[in-house]
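One-based numbering, in listed order, for ligands and for the atoms of each. Heavy atoms only: backbone and side chains are in, while hydrogens, waters and symmetry mates are out.
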Amino acid sequence: MTKLEKIVLSYSGGLDTSIILKWLQETYGCEVVTFTADLGQGEELEPARAKAEMSGVKDIRIVDLREEFVRDFVFPMLRANALYEGQYLLGSSIARPLIAKHLVGIAREVGAHAVAHGATGKGNDQLRFELAVNALDPSIKVIAPWRQWNIRSRMQLLEYAEKHRIPVPSDKRGEAPFSIDANLLHTSTEGKSLENPAEVAPDHVYQRTVDPVDAPDTPEIVTIGFERGDPVSVNGKAMTPAALPTELNGRGGRHGVGRLDLVENRFIGMKSRGIYETPGGTILLTAHRGIESITLDRAAAHLKDEIMPRYAELIYNGFWFAPEREMLQALIDQSQAFVSGEVTLRLYKGSASVISRTSRCSLYSADLVTFEESAIAYDHHDAEGFIRLNGLRLRSWAARNRR
Ligand code: ARG
């Protein structure tokens with residue numbers, strides 16, 4: 001094993017990363033710096049500091065990344081209307097490159113040549129962390145304890161904790177808990193009974209949305225303002241990037257908006273089933289499509305829709321910091337210059353539906369589309385020729401088929 005002087009660990013303060021912290025200290029016999037990011041996961045972060053201190057960590061970093069997360073990661077992704085496999089809003093996928101960026105930044109600052117993460121050897125997250133570190137600083141080594149140590153079961157993990165006097169909370173003593181990942185964009189829940197896709201998810205897996213059946217009988221109306229493709233206000237009130245999803249998670253969650261029960265294809269090769277709750281993200285995506293519907297040119301909009309699955313797959317697979325993602329981003333960002341205005345939605349029993357949209361940059365022309373006589377020069381005979389020419393090849397084709 002190469003001698004390392006310092007390792008920066010992505011540390012949540014939970015049981016698994018506490019064990020990883022101890023294992024790194026023992027295995028490498030070097031200083032471990034812990035990095036805990038506040039991504040709006042809704043958990044107290046001070047306990048992480050106390051736990052790291054107890055494990056003898058001298059350099060403890062707890063950083064509030066909420067604004068950066070939404071401004072530089074979630075919003076650029078939203079501009080693309082990104083959905084993986086048609087449905088997943090990529091809430092975990094988009095958080096990993098940000099964490100990796102800060103791990104690398106701290107490593108450079110403290111002179112560490114390695115970073116470590118607590119993602120397992122079967123998931124997507126290990127790829128997202130490590131591909132991002134590769135792209136940001138190829139000199140930094142990545143340690144993934146889950147792929148290296150001999151702990152192979154939950155039992156062995158708990159035994160390791162007991163042996164090293166790492167406190168195991170009572171709810172973590174029995175069988176493995178759900179695997180949960182939460183941030184300002186979503187809560188993702190996997191594992192346990194969810195591993196059987198034939199089994200209906202129990203109600204208690206849902207944490208930030210009510211069952212649409214129990215949602216209020218009165219709908220709620222909400223207006224989102226956009227400037228150049230990014231949301232900037234709710235009901236006329238200007239908000240910072242991080243405040244927007246925070247506000248909309250509350251409103252959407254009360255109306256049961258943004259639940260998803262999905263079987264997806266992991267990059268590593270297997271299918272997995274997860275429950276996602278993305279109330280604010282679902283409202284923002286629907287609203288963004290609403291404002292684009294009146295401000296984007298048809299061909300521009302369709303080109304965006306063509307590249308979207310490719311762009312979403314890059315994020316899912318961990319290629320955020322890759323040249324092809326940046327190239328697609330440049331295209332997407334350029335399309336957003338006039339995507340400004342306001343969209344009003346109705347939240348009701350699990351749905352978020354656009355009910356009106358306005359923009360000073362609108363391309364919509366009532367005069368052009370109206371059934372009534374219009375002032376704009378539109379010659380109906382042009383449509384006749386347009387159809388005749390578009391039908392030319394179809395007439396040839398049909399005639400040949402009849403022969
Ligand atoms: N399957 C999702 C993804 O790859 C979520 C992964 C993290 N979630 C979790 N519950 N551990 O993006």
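- Shortest contact from atom 2 (C) of ligand 1 to any protein heavy atom: Tyr276 OH, 3.1 Å.
- The protein atom (non-hydrogen) at minimum distance from atom 11 (N) of ligand 1 is Ser179 OG, 2.7 Å.
- By the 4.5 Å heavy-atom criterion applied to side chains, Leu127 and Phe319 are not counted as neighbours.
- Under a 4.0 angstrom heavy-atom cut-off, Phe178 registers as lying outside contact with ligand 1.
- Inclusion of Asp125 in the set of residues having an N or O under 3.5 Å from an N or O of ligand 1 is not warranted.
- In summary, the aromatic rings of Phe267 and Tyr316 are positioned with their centroids too far apart to meet the 6.0 Å limit.
- Atom 4 (O) of ligand 1 has Asn124 ND2, 2.8 Å as its closest protein atom, hydrogens excluded (heavy atom only).
- Residues His255 and Tyr348 keep their aromatic ring centres 6.0 Å or farther apart.
- The closest non-hydrogen atom to atom 3 (C) of ligand 1, taken over Arg96, His186, Arg128, comes from Arg128.
- Not a single heavy atom of Ser272 lies less than 4.0 angstrom from ligand 1.
- Within the 4.5 Å cutoff, the side chain of Gln25 has no heavy atoms near those of the His164 side chain.
- Scanning all protein heavy atoms for the shortest distance to atom 8 (N) of ligand 1 gives Ser188 OG, 2.9 Å.
- Proximity of Arg266 to ligand 1 is not established, as no heavy-atom distance is less than 4.0 Å.
- Ring to ring, Tyr206 and His204 are not that close: their centroids are 6.0 angstrom or more apart.
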